[in-house]
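What follows is one structure encoded as structure tokens, with my remarks underneath.
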Amino acid sequence: MSLQPQFSERPPRDVNGPASAPYWEEPASSPYWDAPELAEHLAGQSVHGPEPDASPAILQGLNEAQQQAVLSTEGPLLIIAGPGSGKTRVITHRIAYLVEECGVNPWQILAVTFTNKAAREMRNRLDRLLLSRSEAVTMGTFHAVCSRILRRHGDRIGLNPNFTIYDQDDQIDAIKSSMQLADVDTKRFPPRAMLSRISAAKSTLQESRQMRESAYAAEDEYGANWIETCSRVYHYYEEALSRQNALDFDDLLMRTASLLKNVPEVRAQYHERYRYLLIDEFQDTNIAQYQLARLLTGTHQNLCVVGDPDQSIYSWRNADIRNILSFQSDYPDATVISLGENYRSTKNILQAASSVIAANTERIERPLFTGNPAGRPITLHEAYSADDEAAWAVDEVTRLTKTGEVRAGDCAIMYRINAQSRAFEDQCMRQGMPYRLVGGVRFYHRKEIKDAVSYLRVIYNPDDEVSLRRVINNPPRGIGAKTAQLLTRFSTDRGNTMLAAMQQIADARTEQLPCPISVTARAAKSIADLAITFQRLRDASRELAVADLLDRVLDMSGLARHIQADENSEDRWDNVQELRALAEEYGPSPQADGLGAFLERVSLVSDVDSYEQTDDALTLITLHQAKGLEFPVVMIAGMEEGLLPHSRSLDTIREIEEERRLCYVGMTRAMQRLYLLRAFSRPFPSSGGIPSRFLQDVPEELLASPALERPPGTRADTHPLNPSRPSRNEDAVIGGSWATSRRESRTRRGEAGEGTTGGATRGHLRGDIDEKLTEWVSSRPPRAPQPERIPLTVGEIVRHSVFGEGVVQDVQGVGDDEQVTVNFSSAGLKRLLVSLARLERG
DNA sequence: CATATAGCAGTTTTT
DNA sequence: CTGCTATATG
């Protein structure tokens, strides 16, 4: 390997480059991963010189808190960063500072991001700061990092390096067959719920044995019996995955943690390797990820985590906000910095968002502020139906773009569930508005894609039974459920894999021996043929580039013919071709394990990752996926009870508060203009048209009626709910779902009787036309008055939840930045941020 | 025993 | 609108 990695000759990164740029920000054949010599080489290049400059250029343009965050290079650091506080900027500047000013070898820096897209964006920013050597910094998601570590060192814990990564669909399949083996009724125990409980256990690094033990101790909403059954299925599931040489997403974390914990040499190697670890979106990490971070952080303790508890929206994926508290108790010496100033949004937007989030009770209050102008009022539009909501939104985007103020690419429509995107897509097509849909039925989850990928998976990992079962009769070749079951039994009886069993049948046929299992001659032939096909494909995979291999798979499996024979197959075939185009990037050298890299990418990449915000097209995106993005114009659609908050999240306060955070995340994506939209009727899922409770928390004075802004005579000037104007959608009134709901018709009568003329204004939200809403408002307990915080004084005695009692030694800063130094009797001297630490007086 | 078709239900968010 | 299951047919 060359010791001269031509850093500076690397072509400048194309920010608007192809969406298919490698997701893993370190190329598969990267020299950086395993070249200690390179580390030395880079160290030689580094600026070892004098102490870091007290005011280097890199700090220019940063506020005081941001500078502090950049400069706190040694020891643990917790950054609580509000929305739009320049968090990403702080992280990249910090990395640049470490490299440029402190002489840290970039090879020894690991930055963990939530999505691959975030990693790519961070890389782009770093490129601009560092000019060279930024490439040596490792960036990626926990899952990608773990996958990489396991492929390299997994053998130390008995792992085969060509493991398959199972996504949720595969997991469900595996759970189903595990339940069959465990003799558990899938009707009484829905596989999804099973998986969810098992995944929760895995996210806290619990194996099935521990889960079983906890079954009797823990109080679970389902009861001990349910947990006991779960742990049994979990046990079979564990075995199935291990037999198939497959890892699910949780395993990636779990196994890596176990590797680092149990193999000291490997741990030491990574401690040496990664001297500086940064974790973005820390509020969305789970326990396993946090443990992993701790294991990766050596005695140097240079662990920097950045997060915002108010933006924690992934608890359903077992993200655990307690990690932030754990961090503070695990690293009591940690520096804590709060970034409160918002550089993104107008005052109005920030205030509206703050008001919404302030209603959460399980929350530490933290003031946000901005020097930005007040900007425009928030627009609330109340549409008649989901279609009208979409029509109005697209109209509005058109109107804005016509004035030349904004481009379509500056606008985003956000919604709670993917199903909502359809109405907007339809409208965009009707009105000729270019749009960009993020997510939706995700590419890699499409049937034809999964089928093709499954063939590749079996070629790569012949033990992968989930994939084999998926393709064994796809396209249909006469191997039905019965035959598949016989095959499974035959293989398990012999202690063989399924593919090996098929091979045996093929061998028996060539030698004209009787078929070892009792299946029809046709089935036996099909099995044998498929086994031979796989054998050939496997041989071919050693010589062919991935794209060529894919071609051969499509041809030999009959999948190509099968897809093309279908009536409306054009889209599906296009998708396959798109997959092929992606595979092109993983040729032409099969020696470099292009197939493995390709499959890994297919498993770990998500759709947001390939999304570039530079298109001049309107963005349609879910609220979850919008995290970390920003747009000059944001419209949040479906501000209705049952949708936001979602009907499945109404059971507990905890869930509702997460929905509220989701709303907050959406609102704080907006820079200049924010629109909140709701509809009175919606085909599916029917929300009943009740306005979202979150709307109630937006102060009235921040809202405006769109009618006031709109020139007369334009389309949306007429409102179907206003009796003084003609309805523009008669069809919907008569034949639509309008009158189908009793509640809806009641609302409508009430509106007419009231004779409201204000159109879509806050007025009729607040009015008593909507009984449900009124009910809700009146039944809502009044918010407890917030006690005003009186600054602490030196000498005062305080109590901390973790450190116990102590005496205040010093107080600095005010408000959000108020910091105290406390001498705790048990834990000694600690510096704390008053706004974060739960300090009690006395 | 495999397959096609019709009828049914179940629909959050994603690494 | 789609992905599964039960049923009829080949």
Side-chain angles (χ1 to χ4, degrees), chain A residues 23 112-119 140-147 165-169 171-173 176 186-187 190-192 196 199 202-203 247-253 281 284-286 288-289 312-319 414-423 425-426 438-442 444-447 472-486 518-524 526 600-609 621-627 638 642-650 655 658-659 661-663 665-666 683-687:
Chain A
Y23 80 98
V112 180
T113 54
F114 188 71
T115 61
N116 298 302
K117 174 173 193 293
T141 63
F142 266 115
H143 291 93
V145 170
C146 287
S147 172
I165 299 171
Y166 279 174
D167 67 17
Q168 200 181 346
D169 293 345
Q171 289 184 64
I172 294 281
D173 287 347
K176 278 181 186 160
T186 49
K187 291 267 158 41
R192 290 191 87 84
S196 147
S199 176
K202 293 179 105 169
S203 298
L247 301 182
D248 64 21
F249 283 115
D250 298 314
D251 283 328
L252 288 174
L253 308 172
E281 309 286 10
D284 287 322
T285 54
N286 65 26
Q289 288 166 327
S312 152
I313 54 175
Y314 281 92
S315 69
W316 49 272
R317 225 177 63 190
N318 305 307
M414 301 179 187
Y415 36 80
R416 178 65 230 274
I417 61 173
N418 280 310
Q420 283 173 268
S421 68
R422 181 166 288 274
E425 270 193 282
D426 287 350
V438 184
V441 180
R442 297 226 280 291
Y444 297 108
H445 290 257
R446 294 196 167 120
K447 194 178 173 304
I472 197 165
N473 197 29
N474 191 348
R477 49 170 74 87
I479 309 174
K482 191 77 187 174
T483 307
Q485 207 183 340
L486 280 170
S518 59
V519 294
T520 59
R522 192 169 97 118
S526 286
E600 184 178 88
R601 182 202 162 119
V602 167
S603 302
L604 295 180
V605 87
S606 76
D607 281 18
V608 231
D609 295 337
I621 193 170
T622 64
L623 288 163
H624 279 92
Q625 292 192 101
K627 184 175 79 161
L643 213 46
L644 185 65
H646 194 271
S647 52
R648 303 274 281 229
S649 305
L650 294 173
E655 287 174 329
E658 179 147 317
E659 296 289 306
R661 290 194 292 270
L662 190 55
C663 182
V665 166
F684 180 83
S686 172
S687 60

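For the numbers below, each heavy atom of this structure counts, side chains included, while hydrogens, waters and symmetry mates do not.
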Interatomic distance where [atom1] belongs to [X] and [atom2] belongs to [N] [whole Å]:
X: A:Phe249; N: B:dT13; atom1: CZ; atom2: P; value: 16 Å
X: A:Ile417; N: C:dC1; atom1: CD1; atom2: P; value: 16 Å
X: A:Ile172; N: B:dT14; atom1: CD1; atom2: P; value: 16 Å
X: A:Asp250; N: B:dT15; atom1: CG; atom2: C1'; value: 10 Å
X: A:His445; N: B:dT15; atom1: NE2; atom2: P; value: 8 Å
X: A:Arg192; N: B:dT14; atom1: CZ; atom2: C1'; value: 12 Å
X: A:Gln485; N: B:dA2; atom1: CD; atom2: P; value: 11 Å
X: A:Lys202; N: B:dT15; atom1: NZ; atom2: C1'; value: 14 Å

- How would you list, by chain and number, every residue that makes a ring pair (Phe, Tyr, Trp, His ring centres under 6.0 Å) with A:Tyr166, sequence neighbours excluded?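 Not a single residue meets the ring pair (Phe, Tyr, Trp, His ring centres under 6.0 Å) criterion with A:Tyr166.
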
- Excluding sequence neighbours, so at least two apart, what forms ring pair (Phe, Tyr, Trp, His ring centres under 6.0 Å) with A:Phe142?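 Ring pair (Phe, Tyr, Trp, His ring centres under 6.0 Å) check on A:Phe142 returns nothing, list empty.
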
Quick check on [N]: is either OP1 or OP2 less than 4.0 Å from any side-chain nitrogen or oxygen of [X]?
X: A:Asn418; N: B:dT14; answer: yes
X: A:Thr483; N: B:dA2; answer: yes
X: A:Gln625; N: B:dT14; answer: yes

Search all heavy atoms of [X] against all heavy atoms of [Y] and return the closest pair with its distance.
X: A:Pro191; Y: A:Lys176; result: CG-CG, 4.0 Å
X: A:Ser603; Y: A:Phe249; result: O-CZ, 3.5 Å
X: A:Ile313; Y: A:Arg661; result: CG2-C, 4.0 Å

- Contact class for A:Ser647 vs. all strands (heavy atom < 4.0 Å): base, sugar-phosphate, or nothing?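 No contact.
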
- Query: How would you label the contact of A:Phe114 with the nucleic acid (heavy atoms, under 4.0 Å): base, sugar-phosphate, or nothing?
  - Reply: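 Sugar-phosphate, backbone atoms only, no base.
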
For nucleotides 5-8 of chain C, tabulate all protein N/O to nucleotide N/O atom pairs closer than 3.5 Å, reporting atom names and distance.
none

Any residue meeting salt bridge (charged side-chain N to carboxylate O under 4.0 Å, His left out) with [X], in chain and number order, not counting sequence neighbours:
X: A:Lys447; result: A:Asp451
X: A:Asp167; result: A:Lys450
X: A:Asp284; result: A:Lys627

- Query: So, A:Ser526 side chain and A:Ile479 main chain: donor-acceptor pair closer than 3.5 Å or not?
  - Reply: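 No; zero donor-acceptor contacts below 3.5 Å.
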
- Can you list the stems that include DNA chain C, where a stem is three or more consecutive Watson-Crick or G-U pairs with distances under 3.5 Å?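 Expected stems, ordered by start: B:1-9 with C:2-10.
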
Set of residues satisfying side-chain contact (heavy atoms from CB on, under 4.5 Å) with respect to [X], sequence neighbours excluded:
X: A:Ser199; answer: A:Ser203, A:Asp250, A:Asn318
X: A:Ser196; answer: none
X: A:Ser649; answer: A:Arg416, A:His646, A:Glu655, A:Glu659
X: A:Ala524; answer: A:Cys515, A:Val519

Please write out the pairs of protein N or O atoms and N or O atoms of nucleotides 3-5 of chain B separated by less than 3.5 Å, giving the distance to one decimal.
| from | atom 1 | to | atom 2 | distance (Å) |
| --- | --- | --- | --- | --- |
| B:dT3 | OP1 | A:Gly478 | N | 2.8 |
| B:dT3 | OP2 | A:Asn473 | ND2 | 2.8 |

Using the side-chain heavy atoms of [X], tell me which of these nucleotides is nearest: [options].
X: A:His143; options: B:dT15, B:dT11, B:dT13; result: B:dT15
X: A:Thr520; options: B:dC1, B:dT15, B:dT13; result: B:dC1
X: A:Thr622; options: B:dT14, C:dC1, B:dC1; result: B:dT14

- Which residue, A:Ser518 or A:Tyr314, contacts DNA chain B at a nucleotide closer to its 5' end, judged by nearest heavy atom?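 Final value for this comparison: A:Ser518.
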
- Item | First encountered from the 5' end of DNA chain B, between A:His624 and A:Leu486 |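 Final value for this comparison: A:Leu486.
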
